[in-house]
Structures are given as structure tokens and as C-alpha cells.
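One-based numbering, in listed order, for ligands and for the atoms of each.
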Amino acid sequence: MTEPLSFELSRPAVTPPRLPDADLPGPAPADVLPPEMLRSRPPDLPRLSEPEIMRHYSRLASLNYSISENFYPLGSCTMKYNPVLNEQAAALPGFAGLHPYQDEDTIQGALELMWRLERALCAVVGVERVTLQPAAGAHGEWTALRMIAAYHDSRQENRTEVLVPDSAHGTNPASAALSGFKVVEVKSGSDGRISLADLESKLSRQTAALMLTNPNTLGLFEREILDIAEMVHATGAMLYYDGANLNAFMGICRPGDMGFDAVHMNLHKTFTTPHGGGGPGAGPVGVKAELVPFLPAPTVERQNGHLTLDYKRPQSIGRVRSFYGNFGMLVRAYTYILAMGGDGLSQASRDAVLSANYLRNLVEADLEMPHKGPCMHEFVASAHNLTSANGVRALDIAKALLDRQFYAPTVYFPLVVPEAIMVEPTETESKATLDSFAAAIKEIVAQAKTDPEVLHAEPRSTPVGRLDEVAAARKINAYLVGQAEDPILRWKAPSDTA
Ligand SMILES: *Cc1c(COP(=O)(O)O)cnc(C)c1O
């Protein structure tokens, strides 16, 4: 069940589909480019007939797995359905045909959309302003930490540490380290929530910020958040909210009201824009008043009904993304917000929490739950017992789900749970889907207890089975120390490899 590359299928003698001539006006390349930059022979592109091209891509698409085919219970990632309406709005010629260099007067509609999206996001998370520029959640974290660093600098304070709980998403310590901070880990208590005693012992005049997720990555609400905010602010540090996943509480509670000073949101999670291969992301950052002067420039401002891009922001950390962010994603997210309305968004969150608790209760009979429920929008189970008794790991369960037509949940994260299996069903799945997922888990766990060897050989139905991760890691390590050849990361024509 594989598909050769179009280069391998290529038949040089075939008559390819006719394409229109390039209609770019202006001089021919040979008239403007220096001779050494011109090709001496045409590129080695594959040649196929139109039906061959069509079949090649259709077969490739059938090897894929996506949210438009089946359930995608990836915890922390909020793989909810991406409405077609979003795509229609983004394809409107007035949006799709824009050029980022257009004059402000000709893009008033686009600026209006950005202005209104900013207001809507401010309302959802309870902050003063939002920048739409960052292109992903991690990029949003980094942007916020740049603003927090600029804020402390402006007060002549030299704060060098960022506190991160041990349950945090890996991007949190990575963003802090990339911003030049020392990362200090804060421990969780046995209930899965941050330990206030450990937090107290780590907070100091060196602390620039505490990065927190609430509900945390175990799907648990940090009930002592108001005390945490007070402790952090008492030392002059800032409280940062990792809001990549806001699915538990849109319209129900707000990070701004809990005392957070900055928050990033992933439009490609909570606000239904596509993830990864489906399109670029967007990770807007909201801030309270103290951080507003440091927002990336330009911001969108409204003056007497006219919208302008404001570049004159003397304390701004500068631009963090070309132009104004991934504009097409902003259109999709705003479409989702308008289509849902305020009541619709809070209903979505209630349904997400209900789905997660329903599914958690169904699988509780089969998988260990290391923390007491109820959960928020996701839950973390553990395959720990199966590993010690039957030699079946979280990875085996994930692979076995692939053979039962489900995407695997997140495994081995959060790191504080051994053999973690993190499941986030989202509000867009039906009860029937959740029931059949729970039935698959039941079947796999029964298999684990009777004949675990079968599971070690799964998946059998996917284009590739188990990858040899150990061999891959060994080879990469050998390559890094100069004891192996380059890993093969691209196809080369037989004539090229000589
Ligand atoms: C997804 C996620 C991130 C990172 O977002 P990217 O867009 O993948 O960079 C950060 N924190 C949490 C809790 C997440 O779930």
C-alpha cells in the first residue's frame, strides 16, 4: 500500500497536459538576470498524462488520515472539525485577492476584520489588546516573553528566570530558553496541580514570569489560581497563560479575570482553523494594559471610523512576522466566531467538557486514571499497569488504535504521568463516535491481557507499520558525531546520485 513518487512514474515520451503560458508582464528573465543565474537545461520535472497525475494524487490522498475522515483524539491539540464555511469566507475574492503592499485606503475591509477579531479575542480572554502577528502557539509564547522582558527592562529590573511547571507543554521551557531566560521547574503535587509550596520556594526577584496553563495539561483546573496570581505579582513577576487550548472555557471564565497578564491563543486549535499540513497556524497574544506599549508593530487602530496601521510605537518589541500575520487564518477564525456567536462559543466549551467526561467515564473501566475527575476538555489515562503486568505500553495502544480506524491519542505527555495517554475528544464528535472509540480501547486492553504479542505487531493496515525508532536514533547520533553518512532525506534521480 504505497505510491511511487511522480518522478519514478514519469514517462518522458508522454504528452503532458497543456498549461497556459505565464502571463507575467515585463522583460524576459534572460534580459534581467546575470547569465550565471540562468538554467543551462530545463529542470528535471516528471512528465505524466492528466489522468495519471489525477490518479497519483488521488491515491496519495487515500493514504492520508484527516479530521474530515474520522476521529482525531489528540490531547492538547484540539483537533476539532474545520468548518467549510471558514474556507468559503477565506476564498472571497476581496480577501483572497489582497496584496500586503496595498495602500491602507484600499484594505479597509481587511483592517476592519482584524480590528473586530482583536476585540472578539479580547472579550474571550479578558485582556486589553491582542496582537494577531504570531504564526503559532510557540511563536506566541516567544512574542509574549519578549514583551515581558521589555517590560522588566523598562523598569530597570534585571530578571533572568522563567518558572515552568513540570506538567507544562514542551514549548513553554523551549520558548523561555530561546528568549534567553533560565528555566526553573515547579513541581506538581500528587493531585496533579501545581505545588504552592514549591512555587513559593522558587519565586524571587529573579523571576520574570510564571508560565501556566489552566486547566493544566492534565485537564485539571488550578483552583488556587487567585492565590498563585497574588504570589507571582507580589514579587513583581508576570503571570503568563498558555492558552493554546481554550476549549474548556470560552465564554465561561477568562484568564484576564484570573490575574494573568499575557496569554496566547491558538486559532488552529480552539478557533477551528486547520493545523499543520492543512495550512499555516496563528497564535495571537493578548496582554493587559502594562504590556500594551510593547506589542509588536504595526497595530490596527481606528480613528474617526478610518482604520490605520500604526508603526509609530516607540516601546514596541518590533515586528514578529512578515506583514500582519497569517491573514487567511484570521478570516477563518473570525468567521467561526461570528457563526457561533457568544452563546455558541460557550455552548461549544460546555459540550467539549461533557464529551471529555463522558469518554473518561467509559474508558475508566479499562485504563488507569492517575488523577481524580471530573476533568475539563481532556483527560490523561495511564497504561502503566498494563506495562508492568503484560508488557504493553502506551505506544502499543496508540498503534493498535490505528488498525481500528482511529488516530492515536497523544502519548508520553505530560511527562509527569508514566505511560501517559492523553485524550481530547472535542465538542464536534458525536456520542456514537465516542462510544465506538471506547469500545476499541476495551478490545485492545482485553487483547493486552490475553495475547499481548499480537499488539506488538500492530499496526498492520497502515501504509507503513512500526518504524525502527531505535535504529533511526542510532544512525542520527552516528551522523552527528561524523561516523555515518548523511541521513537520506530526499529523493535523488539515479543520474544525480553519481
Ligand atoms: C499546541 C500547544 C502549544 C504549541 O502550539 P503550536 O502552535 O504547536 O506552536 C503550546 N501549549 C499547549 C498547551 C499546546 O497544546
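- The nearest protein atom to atom 5 (O) of ligand 1, hydrogens excluded, is given as N266 ND2, 3.1 Å; this is a heavy-atom distance.
- For ligand 1, the atoms sitting less than 4.0 Å from at least one non-hydrogen atom of H268 are 7 (O), numbered in the order shown with element in parentheses.
- Annotation: A244 places no N or O atom under 3.5 Å from an N or O atom of ligand 1; distance criterion only.
- Contact between K269 and ligand 1 is present, with at least one heavy atom of the residue lying under 4.0 Å from the ligand.
- For ligand 1, the atoms lying closer than 4.0 Å to a non-hydrogen atom of E141 are 10 (C), 11 (N).
- Between the side chain of N172 and the backbone N or O of A168 there is no donor-acceptor pair closer than 3.5 Å.
- Short contacts between ligand 1 and A136, defined as distances under 4.0 Å to a heavy atom of the residue, involve ligand atoms 7 (O), 9 (O).
- Close N/O approach between G137 and ligand 1 is found [any backbone or side-chain N/O within under 3.5 Å].
- The ligand atoms of ligand 1 that sit less than 4.0 angstrom from a heavy atom of T171 are 3 (C), 4 (C), 10 (C), 11 (N).
- The shortest N/O to N/O separation between N172 and ligand 1 does not fall below 3.5 Å.
- Between the side chain of T433 and the backbone N or O of E429, no donor-acceptor pair lies under 3.5 Å.
- Within the 3.5 Å criterion, the main-chain N or O of A244 finds a donor-acceptor partner in the side chain of D242.
- Distances from atom 8 (O) of ligand 1 to the protein include no heavy-atom value under 4.0 Å.
- Between S76 and ligand 1, a contact under 3.5 Å exists for at least one N or O pair.
- For the pair Q315 (side chain) and F294 (backbone), a donor-acceptor distance under 3.5 Å is absent.
- Remark: side-chain polar atoms of T235 are not paired, donor with acceptor, to backbone N or O of R205 under 3.5 angstrom.
- In this structure, the side chain of S349 engages the main chain of M250 through a donor-acceptor pair within 3.5 Å.
- At least one donor-acceptor pair closer than 3.5 Å links the side chain of N216 to the backbone N or O of L218.
- Within ligand 1, counting atoms from 1 as listed, the ones closer than 4.0 Å to a heavy atom of D242 are 10 (C), 11 (N), 12 (C), 13 (C).
- For H268 (side chain) and A282 (main-chain N/O), a donor-acceptor pair under 3.5 Å exists by modelled atom type.
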